[in-house]
K.L.:
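Before I ask anything, here is the structure I am working with.
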Amino acid sequence: MLKDITLGQYYPTNSVLHRLDPRLKLIVLFAIIVFIFISSNVFSLAFLILFIALFIIISKVPFKIYIRNIKSIVLIIALTTTLNAFYVDTGTVVLKFWNITITSGGIERAVFMTIRIILLILSSAMLTYTTTPTELTYAIESLLGPLKHLGLGNAVHTLAMMMTIALRFIPTLVEETEKIMNAQKSRGADLESGPLLKRIKSLLPILIPLLISSFRRAYDLAEAMECRCYSGGKGRQRMKQFKLGVRDYISIFIVILLIASILVINYLYSAGIIYLNVW
Amino acid sequence: MPIIKVENLSYTYGEGTPYRIQALSDINLEILKGEIVGVIGHTGSGKSTLIQHLNGLLKPTSGKIYLEGKDIWAEPKRIRELRFKVGLVFQYPEYQLFEETVYKDIAFGPRNMGLDEPEIDKRVREAAHMVGLPEQLLAKSPFDLSGGEKRRAAIAGVMAMRPEVLVLDEPTAGLDPSGSKLILERICEYRQKYNSTVIVVSHNMEDIAKISDRVLVMNKGKIFMFDKSERIFARVEELLNIGLNVPQVTQVFIKLNKLGLVPSSNVYTIEQAKSLLIKQLSRRGTFNA
């Protein structure tokens with residue numbers, strides 16, 4: 001049950017995407033997110049879909065793993081889609097019943113929003129599937145590096161360290177939760193049935209031991225770090241240094257091409273040179 | 001009729017993911033009413049997976065488990081009732097304590113069974129007495145107890161349900177010698193008082209040798225041996241091969257036997273060693289050999 005939480009879960013394969021520099025992947029993800037939202041027309045969105053589909057294939061992570069991620073937010077997607085369809089009233093009226101009207105503009109917006117959310121989830125999932133949490137925090141620390149010149153060096157390091165620790169302990173806590181759940185189930189705890197209030201109350205036998213053991217872990221970890229003379233970020237180095245390689249430069253080139261294409265398509269569309277009208 | 005019967009049990013973790021692991025393959029065994037079965041095996045040999053099947057926490061990928069002749073998964077909705085019959089004490093059970101008082105914590109299981117208050121009260125006091133927790137500790141917070149006391153309180157929490165089969169995963173791990181001796185004694189006492197069956201998983205060969213009638217040896221998800229304790233510990237070579245060992249006293253006697261000082265190395269508890277040595281030495285008619 002708890003194993004279904006796939007957010008932030010690394011999926012090991014030997015694809016090119018896995019071997020790319022994590023900093024690059026993070027920047028590209030941001031770029032893609034920005035472009036998902038400025039792709040305001042059918043053509044550039046279709047272009048993005050094509051590209052993300054290509055990335056998914058290259059990542060060698062089975063498609064059904066991605067699907068599992070989308071399944072978990074199906075409700076949000078459905079809600080956004082319907083709200084958009086109802087509340088936008090531009091374009092021609094397509095459907096009218098009772099006092100609800102659905103316009104062509106509404107449908108268009110709803111379809112666009114749905115596709116955008118799905119692309120957003122897919123592309124961020126791709127980052128977490130192909131990048132280990134440690135690499136990711138390294139990327140964040142490295143990209144926030146310039147802040148060090150503003151005298152925020154220690155804050156940047158502390159933030160990165162906190163993220164590393166948090167990510168590192170997610171699987172441990174999941175395992176611990178499962179263990180405690182099993183132990184309480186063995187004592188006849190009923191976690192799955194009954195009215196809501198009773199079910200919330202039945203979580204106490206799990207939450208209390210979990211909280212206590214988290215505190216214990218935190219103390220232990222702090223002590224272990226101090227024993228190894230940890231004293232913040234000053235003068236710390238990494239064992240694994242990342243350096244941009246040939247494949248990183250090639251990917252930078254491809255991504256720049258992608259961005260340029262979208263800009264061109266957007267321009268051509270707004271200038272009316274290419275168009276699509278289904279209505 | 002055996003109280004527990006396991007038939008062709010196989011279990012795979014993470015089916016359909018890249019982390020797929022076959023934890024158990026084709027397990028067949030029968031456990032008799034009233035016996036104490038020790039389970040040993042290397043880390044990752046499938047011991048814990050096996051015992052989690054016995055009270056229905058895990059559902060077999062294939063195969064069947066019978067309790068008193070009934071398939072435990074015949075009615076999946078009633079699996080909770082099974083957990084009152086097969087009580088499972090996890091490793092480091094003190095981490096599952098959560099109530100304000102020791103009393104309330106021990107009462108958690110019996111209360112889930114839907115017993116009435118006088119019966120719950122009776123069971124809580126009896127279980128606390130059984131594990132040797134003094135009455136005045138019952139009103140304390142479980143987090144104020146010592147490590148050994150916490151462990152015993154947690155075990156009492158399962159004993160209070162009076163399971164017919166009591167399963168314990170490493171009940172003595174991390175305890176001092178007197179603490180672990182106490183717990184093993186209490187487990188044996190529980191078995192005697194309620195004529196129940198006990199299954200104990202342990203890495204400590206001395207503990208296993210001391211209390212088990214039969215020993216189940218697991219290796220790589222399969223049953224490696226399942227036999228009377230003395231016959232298991234006679235197969236030293238095979239045990240060493242799979243990363244296990246025999247009790248220290250047996251190791252001493254194997255050496256003594258090689259030197260020709262004792263007639264057999266078939267000794268696995270201190271008591272046996274003592275009586276055998278006394279017999280041996282008095283036969284020679286001298287104690288200063």
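Every value quoted in this text rests on a predicted model; they were computed, and no experiment measured them. Proteins come first, then strands; the chains are lettered A, B, ... in the order of their sequence lines, and each starts at number 1.
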K.L.:
Can you find a pair of side-chain heavy atoms, one from A:Gln184 and one from B:Phe108, that are under 4.5 Å apart?
P.N.:
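Yes. Closest side-chain heavy atoms under 4.5 Å.
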K.L.:
Flag yes if more than 12 heavy atoms outside A:Glu175 fall under 6.0 Å of its CD atom; otherwise flag no.
P.N.:
no
K.L.:
Could you pull out the closest heavy-atom pair between B:Phe143 and A:Ile208, with the gap in Å?
P.N.:
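The pair with the smallest heavy-atom distance is CZ-CG2, 4.5 Å.
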K.L.:
Mark yes or no for whether B:Arg80, through its side chain, and A:Gly188, through its backbone, hold a donor-acceptor pair below 3.5 Å.
P.N.:
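Flag set: sc B:Arg80 to bb A:Gly188 pair under 3.5 Å.
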K.L.:
Does a sphere of radius 6.0 Å around NZ in A:Lys201 hold more than 12 heavy atoms from other residues, nucleotides or ligands, not counting ones at 6.0 Å or beyond?
P.N.:
no
K.L.:
At what distance, to the nearest 0.5 angstrom, does CD1 of B:Ile79 lie from NZ of A:Lys185?
P.N.:
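If I round to the nearest 0.5 Å, the distance is 10.5 Å.
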K.L.:
Where does B:Leu97 contact chain A at under 4.5 Å (heavy atoms): side chain, backbone, both or neither?
P.N.:
backbone
K.L.:
Could you state the interatomic distance from CG (A:Leu207) to CZ (B:Phe98), rounded to the nearest 0.5 Å?
P.N.:
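Rounded to the nearest 0.5 Å, the CG-CZ separation comes to 11.0 Å.
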K.L.:
Below 4.5 Å from any heavy atom of chain A, which atoms of B:Met161 appear? Answer side chain, backbone, both or neither.
P.N.:
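For B:Met161, the contact with chain A is made by the side chain alone.
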K.L.:
Answer yes or no: are there more than 12 heavy-atom neighbours, outside A:Leu75 itself, under 6.0 Å from its atom CG?
P.N.:
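At most 12 heavy atoms, drawn from other residues, nucleotides or ligands, come within 6.0 Å of this atom.
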K.L.:
Please check this pair: side chain of B:Gln96 against backbone of A:Pro209, looking for a donor-acceptor N/O pair closer than 3.5 Å.
P.N.:
no
K.L.:
Within residues 20-33 of chain A, which positions have a heavy-atom distance to chain B below 4.5 Å?
P.N.:
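The residues closer than 4.5 Å to chain B amount to none at all.
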K.L.:
Measuring only between side-chain heavy atoms, which start at C-beta, is B:Leu57 closer than 4.5 Å to A:Ser186?
P.N.:
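In contact.
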K.L.:
Evaluate whether atom CD of B:Glu189 has more than 12 neighbouring non-hydrogen atoms of other residues, nucleotides or ligands under 6.0 angstrom away.
P.N.:
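Atom CD in B:Glu189 is crowded, with more than 12 foreign heavy atoms closer than 6.0 Å.
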K.L.:
What part of B:Glu99 lies closer than 4.5 angstrom to a heavy atom of chain A: side chain, backbone, both or neither?
P.N.:
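Contact with chain A is absent: no heavy atom of B:Glu99 under 4.5 Å.
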K.L.:
Of the backbone (N, CA, C, O) and the side chain (C-beta and beyond), which part of B:Phe90 lies under 4.5 Å from a heavy atom of chain A, both, or neither?
P.N.:
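Interface part for B:Phe90: side chain.
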K.L.:
Salt bridge or not for A:Arg187 and B:Asp105, using N-O below 4.0 Å?
P.N.:
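Answer for the salt bridge query: yes.
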K.L.:
Decide yes or no on side-chain contact (heavy atoms from CB on, under 4.5 Å) for A:Arg216 and B:Tyr95, but give the supporting numbers first.
P.N.:
CA-CA 11 Å; A:Arg216 189 168 37 83; B:Tyr95 295 151; 3.6 Å; yes
